[in-house]
Amino acid sequence: MENQFVIYNTLTRQKEVFKPLVQGKAGLYVCGPTVYSNSHLGHARAYITFDLLFRYLTHLGYKVRYVRNITDVGHLEDEVEGTGEDKVSKKARLEKLEPMEVVQMYMNTFHRNMDELNVVRPSIEPRASGHIIEQQEMVESILKNGFAYESNGSVYFDVEKYNDKYNYGKLSGRNLDDIKTNTRELDGQSEKKNSFDFALWKKASPEHIMRWPSKWGDGFPGWHLECSVMSMKYLGEQFDIHGGGMDLRFPHHECEIAQSTASQGKEAVHYWMHNNMITINGQKMARSLGNFITLDELFTGAHEVLEQAYSPMTIRFFILQAHYRSTIDFSNEALKASEKGLGRLMSALKTLRGLSPSEGQSTVDVQALKDKCFAALDDDMNSPIAIAHLFEGVKMINSIKAGNEKISGADLEGLRAFFKTVVCDILGLKEEESESSGGDEILEGSINLLLQLRTEAKANKDWATSDKIRDGLNAIGIEIKDTKNGAEWSRK
RNA sequence: GGUUCCUUGGCCGAGUGGCUAGGCAGCGGUCUGCAAAACCGUGUACGGCGGUUCGACUCCGCCAGGAACCUCCA
């Protein structure tokens, strides 16, 4: 086991060899979604990225504890509308539901979508609303350490004071002076010492539905707090990797660092990893820009920018074909290319299963292929390169089948294991059967019978009949492939 | 305005100081009764202008265009 897993650490702005705090174990925390509306393409990108990390760490032999939270406390002030109402409550009011009903509904959708994308569920999925006491405890410890102050029933983090001792802005590459001169002055900040101070605990206005009692009065926790608290609770005061979207780098993750450090006197996270955004026509996909596509819309094709439906695996493959730190631009053309490429990869996987060893020595180098592929994954999870090498494997498989290359029994076994490991276990791609399932034996029997008739017709040079069978099967979604070993069929 | 980043062939998307990324599409061929599939072959790509260098798409500077963060966001 010579190779080392290298990951890009946003904190140091460079690639570093992954060294776990505890040998053989890895602690991973990823910021989960706020469940107040449907999951979208951006969620797919983030959670597929860290699913790849989770799967790869597992593949490398680490016992991984993967914590991904659900943000179900509506602490997000609605600045755009200017109502000061949190998003969950607003949704609840609009749809005449309990806030927790809203949360449950979208959490269910999120889980279903993630399952469809073959994203492995995390080891622990804690909810912010279930950790109010712990959050209050952290507020108290930050207060006790002198890095926060109470003001009119709310508690704010004292950024300036923290910065005197530590470094606020180290993750996002800012310094407090810049932040000072560039922070917008918003209304209602009079109770803060400085505009860049952020809320740890916020006093609830009388109409605020999601509220909890505290020693500072009824209120709710600040957004940044839950991740500091829950990561500490389940992964310890210090843990290996914290992930999330690039957009969370500031202020969310910066504030997390400040909170953890202020409460415990040391930093919690060793490696910060951030996935880049998905853009649509070159622009970030965002609710506020009105250009976001939900996963359900993607899977059904029900969105005006979509020319067709795209399957979950197509989306997954599309995302894995770009490096996680690059932006990836959505387009129908790109998605269609991914769909076809994925089809070729998966049908090679099928072919591989049916391959038999050739006589004599291999003419292909399976080991070299494996080495190159794993080297790519070791290099900051370079999935596009790994996939490029996989396609070399596809060529290899097809050439063996066509009789242009030879493979020994041992190599064939190695190739099979390699493909299963990389394609299925690490990249998390699976075969998608078309909806028509059930009655498979009858179906197969019928099709095989038709193919027999076609073979006979061909033998009699009855092209009309043979083409009629081919076209007819084609029309109901069965594709015929004539190979040297006779006709084969597959579902389109 | 501040901070950071990007600009690769028809499309998407890796990467490197001199050596073929890959996918999709296209073109030519093999196979086929014809197709499809598969296989083989095929593309003188690196925003513009300077500089460093024996040599730059890759390093430096400037310019142009675009993006992200600075406000909720994956």
Side-chain angles (χ1 to χ4, degrees), chain A residues 13 30-34 36 39-50 71 75-80 86-87 169 172-175 177-184 186 196 223 243-252 254 274-279 282-289 292 317-318 321-323 325-342 344-345 347-348 351 372 376 379 382-392 394-395 397-399 401-405 458 461-463 466-467 470-471 474 479-484 487-488 490:
Chain A
R13 269 158 264 270
V30 172
C31 290
T34 304
Y36 70 101
S39 311
H40 53 74
L41 242 190
H43 290 126
R45 163 85 123 154
Y47 303 123
I48 286 171
T49 295
F50 291 104
T71 298
H75 42 239
L76 312 169
E77 297 279 327
D78 194 334
E79 304 280 1
V80 182
D86 78 68
K87 290 183 178 175
S172 53
R174 288 153 217 259
N175 63 62
D177 291 335
D178 290 343
I179 295 169
K180 272 181 185 170
T181 53
N182 289 301
T183 304
R184 290 187 209 168
L186 297 166
F196 45 76
W223 171 40
M246 208 94 119
D247 50 348
L248 298 179
R249 206 154 66 117
F250 190 90
H252 184 55
E254 200 71 73
H274 293 94
N275 65 278
N276 215 134
M277 304 287 100
I278 284 190
T279 58
Q283 263 205 324
K284 180 182 162 180
M285 192 181 76
R287 219 167 289 280
S288 55
L289 296 171
F292 73 99
F317 189 63
F318 169 67
Q321 268 186 305
H323 186 89
R325 283 191 287 118
S326 305
T327 54
I328 181 170
D329 196 52
F330 169 90
S331 70
N332 281 286
E333 240 180 329
L335 261 302
K336 283 181 196 168
S338 291
E339 187 178 49
K340 287 212 170 181
L342 176 65
R344 210 154 84 82
L345 181 63
S347 83
T351 304
K372 282 190 284 187
D379 182 16
N382 200 328
S383 53
I385 292 285
I387 289 170
H389 293 310
L390 238 28
F391 275 102
E392 283 176 41
V394 169
K395 218 169 183 176
I397 291 164
N398 289 330
S399 301
K401 195 193 178 195
N404 299 330
E405 300 278 4
K458 283 176 71 171
K461 304 208 175 188
D462 179 3
W463 309 129
S466 121
D467 287 356
R470 183 175 67 194
D471 297 344
N474 227 296
E479 192 173 21
I480 308 288
K481 293 175 194 168
D482 287 323
T483 71
K484 285 192 172 134
E488 291 176 2
S490 63

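A, B, ... follow the sequence lines: proteins, then strands. Residue 1 opens every chain.
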Of A:Phe317 and A:Gly42, the one whose closest nucleotide on RNA chain B sits nearer the 5' end is A:Phe317
P atoms of B:U7 and B:G15, separation to the nearest Å:
10 Å
Does any nucleotide pair with B:A25 by Watson-Crick or G-U wobble geometry, both distances under 3.5 Å, and what is it?
none
Heavy atoms, side chains only, cut-off 4.5 Å: are A:Asn276 and A:Ile328 in contact?
no
Taking the P atom of each, how far is B:G13 from B:G55, in whole Å?
34 Å
Write down the distance separating the P atoms in B:C49 and B:C54, rounded off to the nearest Å.
23 Å
OP1, OP2 of B:U4 versus side-chain N and O of A:Arg174: anything below 4.0 Å?
no
Side-chain atoms of A:Glu479 come closest, of B:C39, B:A36, B:C70, to B:A36
So A:Asp482, base contact, sugar-phosphate only, or nothing? Heavy-atom distance under 4.0 Å.
base
Taking the P atom in each of B:G26 and B:C62, what is the distance between them to the nearest angstrom?
44 Å
Using the C1' atom as the reference point in each nucleotide, state the distance between B:U52 and B:C19 in Å, no decimals.
23 Å
Same-atom distance (C1') from B:C59 to B:G22, integer angstrom
27 Å
NA contact type, A:His252, heavy-atom cut-off 4.0 Å: base, sugar-phosphate, or nothing?
nothing
Could you give the distance separating B:G18 and B:A56 at their C1' atoms, to the nearest angstrom?
9 Å
Suppose you measure atom C1' in B:G43 against the same atom in B:C60; what distance do you get, rounded to whole Å?
32 Å
Shortest side-chain distance from A:Pro251, nucleotide among B:A14, B:C24, B:C70
B:C70
Proximity to the side chain of A:Arg470 - top-ranked nucleotide from B:A21, B:A74, B:A35:
B:A35
How about A:Pro33 and A:Tyr47: do any of their side-chain heavy atoms sit closer than 4.5 Å?
yes
The nucleotide from B:A14, B:C39, B:A74 with an atom nearest the side chain of A:Ile278 is B:A74
For A:Ile480, report the nucleic acid contact type (base, sugar-phosphate, nothing); a contact means any heavy atom under 4.0 Å.
base
I need the A:Lys372 NZ to A:Leu390 CG distance, nearest 0.5 Å.
12.0 Å
Classify the side chain of A:Ser326 and the base of B:G13 as holding, or not holding, a donor-acceptor pair under 3.5 Å.
no
